[in-house]
**Student:** 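Input: one structure, supplied below.
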Amino acid sequence: MSVQSISMPYLIPDMPSAEEVLPFLREIDENRWYSNFGPLVLRLNDQIKANHFAGEDVHTLLCSTGTAALELGLACLGLKPGARVLVPAFTFPASANAIQNCGFEPVFCDVDEQSWVLTPEIAFEALLRTRIDAVMPVAALGRPLPASQWDRFCEETGLPVLIDAAPALGNQRVGKHLVVAYSMHATKAFGIGEGGVLATADADLIARARRICNFGMDGVGRVIMQGTNCKLSEYHAAVGLAQMQRWPARQLKRARIETAYHAHMQLHKDLWATQSFVDRPPEHDVLVTLPVRNSRSTMPVRLSDHVAIDIHDVQERLAEKGIGTRLWYNPALHRHPNWMGHRQIHRAGLHSLATVDSLNNRLIGLPFHNFLSPEDIAHVVTSLWQIVESREFSASIS
Ligand SMILES: Cc1ncc(COP(=O)(O)O)c(C=O)c1O
């Protein structure tokens, strides 16, 4: 695929301008405080709690990346070296990297056909087959997971659950027993360049994670546990504070773009399926019930099984029309060379991670960012329709 031919990129990060960040940089100059849980990091932490976790009783820690948030969360679960962590193969490599970086073993499982995520039901099924010490469900492509169902899973099994909600800051609830890791990478809806958030209702866990994040040291500089350095700098917090000022307007924009996509997609809904995060019940589990709170960062579309076209061909043909796309999460984790020999748990009666493999052959991510016009969206959907419909027609007469 020729990069030059793409006139409509899949993603254009929407970062604050230099002018918007400047007042916060001036504060850093005045404070002479550049890192180590400085005043801007603490203020951003408070604002994130108020904005992204409104109405929830949570404690949060900001850190350098979403991957670091996953590792801090995993390190605080009380697992033994070599512990087995169940993780869906349908995720970004960071999920399994974090598990291995902490000295644990990723055990790959399938996802649900409808929601594309690991459900408690699939996790219960896996527990019947092998020993599992913790579970890492993933808010794949930003789809929020039902916190109350996972809380119930923790209560019934006694196993710790760490949700990888990297693409779902603002959408994923924390619940009572869960530990949740989010990313603020530039590609995410609330992007600050690089950054992560660890959130949980457990204040002690956040205090432990804060120590690990700062070399494992206590308040007087003694190392009391194994640590690392993954603190967020004041400069990234400056970008975050500037981003927060634009957040309500940007959420509204995202909601409008999502609504426009769904309106166009409705016309050919026998050819594909997508998922709305805007109007999905139940409210108890999902923060996103009003368009104004939309923090979605992707627009994945799953082609119907009767559309006889390879997903790579669809991507190629859209590129010929200047439209950039993504194939997720492709390859899936169990198909990366590093993880090919790893333990997999198949669903009853199956000999592969069948739904993950099928999603990889049917799923395509359409352009989704704040710079799309209604005409762009119409062009993307019409182009997709022309490509898949012509193939469906030729398949049915051959
Ligand atoms: C599902 C998932 N987990 C983890 C990460 C890693 O986050 P970060 O890039 O902030 O380290 C990502 C990043 O895209 C992701 O999509």
Side-chain angles (χ1 to χ4, degrees), residues 10-15 41 44 48 52 60-75 85-102 104 106 108-109 111 115-118 134-145 150 161-172 178-199 209 213 228-233 236-237 239-240 243 275 277 295-300 326-334 336 338-339 356 359-360 363 365 368-369:
Y10 153 76
L11 175 73
I12 303 178
D14 187 3
M15 303 299 289
V41 166
L44 181 61
I48 283 178
H52 297 298
T60 52
L61 174 74
L62 306 190
C63 56
S64 56
T65 62
T67 306
L70 283 170
E71 291 177 8
L72 290 173
L74 282 162
V85 181
L86 188 71
V87 62
F90 187 63
T91 181
F92 189 68
S95 314
N97 278 337
I99 294 170
Q100 285 188 308
N101 290 344
C102 289
F104 307 139
F108 299 120
C109 66
V111 294
S115 61
W116 313 340
V117 295
L118 167 61
V135 182
M136 184 193 282
V138 178
L141 307 174
R143 184 191 174 103
L145 306 177
W150 281 108
V161 170
L162 167 69
I163 295 184
D164 178 348
L169 181 59
N171 281 354
Q172 177 63 54
L178 312 175
V179 183
V180 188
Y182 305 86
S183 168
M184 297 188 285
H185 186 261
T187 53
K188 303 297 182 275
F190 187 84
I192 69 167
E194 295 279 4
V197 183
L198 186 69
C213 172
T228 181
N229 177 11
C230 56
K231 300 186 295 290
L232 192 74
S233 81
H236 284 92
V239 178
Q243 190 67 293
Q275 295 182 342
F277 301 164
S295 314
R296 174 175 199 139
S297 55
T298 61
M299 180 50 66
R326 276 281 161 85
L327 301 182
W328 284 300
Y329 290 100
N330 212 330
L333 294 196
H334 63 301
H336 281 273
N338 190 44
W339 292 306
V356 174
L359 281 173
N360 275 173
L363 204 68
F368 192 72
H369 54 75

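For reference, positions follow the sequence shown, starting with 1. Counting convention: from 1, in listed order, for ligands and their atoms alike.
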**Student:** Which residue, T65, N101, N97, forms the side chain to side chain donor-acceptor pair (under 3.5 Å) with E71?
**Tutor:** N101
**Student:** Looking at residues at least two apart in the chain, or sitting in another chain, which of them share a side-chain contact (heavy atoms from CB on, under 4.5 Å) with D14?
**Tutor:** R246, R250, N370, F371
**Student:** For T67, enumerate each residue passing the side-chain hydrogen bond (donor to acceptor under 3.5 Å, both in side chains) test, keeping only those at least two apart in sequence or located in another chain.
**Tutor:** none
**Student:** Hey, mind stepping through Q100 and N338 against side chain to side chain contact (heavy atoms under 4.5 Å, CB included) and telling me if it holds?
**Tutor:** CA-CA 11 Å; Q100 285 188 308; N338 190 44; 3.5 Å; yes
**Student:** Tabulate below the donor-acceptor pairs under 3.5 Å that side-chain atoms of residues 184-197 make, not counting sequence neighbours, or state none.
**Tutor:**
{"from": "H185", "atom 1": "ND1", "to": "T187", "atom 2": "N", "distance (Å)": "3.2"}
{"from": "H185", "atom 1": "ND1", "to": "T187", "atom 2": "OG1", "distance (Å)": "2.8"}

**Student:** How far apart are the C-alpha atoms of T298 and W328, what are their side-chain angles, what is the distance that settles it, and do they pass the side chain to side chain contact (heavy atoms under 4.5 Å, CB included) test?
**Tutor:** CA-CA 10 Å; T298 61; W328 284 300; 3.6 Å; yes
**Student:** At less than 3.5 Å, what protein N or O atoms come close to the N or O atoms of ligand 1? Include the distances to 0.1 Å.
**Tutor:**
{"from": "ligand 1", "atom 1": "3 (N)", "to": "D164", "atom 2": "OD1", "distance (Å)": "3.1"}
{"from": "ligand 1", "atom 1": "3 (N)", "to": "D164", "atom 2": "OD2", "distance (Å)": "2.7"}
{"from": "ligand 1", "atom 1": "10 (O)", "to": "G66", "atom 2": "N", "distance (Å)": "2.8"}
{"from": "ligand 1", "atom 1": "10 (O)", "to": "S183", "atom 2": "OG", "distance (Å)": "2.7"}
{"from": "ligand 1", "atom 1": "11 (O)", "to": "G66", "atom 2": "N", "distance (Å)": "3.4"}
{"from": "ligand 1", "atom 1": "11 (O)", "to": "T67", "atom 2": "N", "distance (Å)": "2.9"}
{"from": "ligand 1", "atom 1": "11 (O)", "to": "T67", "atom 2": "OG1", "distance (Å)": "2.6"}
{"from": "ligand 1", "atom 1": "14 (O)", "to": "K188", "atom 2": "NZ", "distance (Å)": "2.6"}

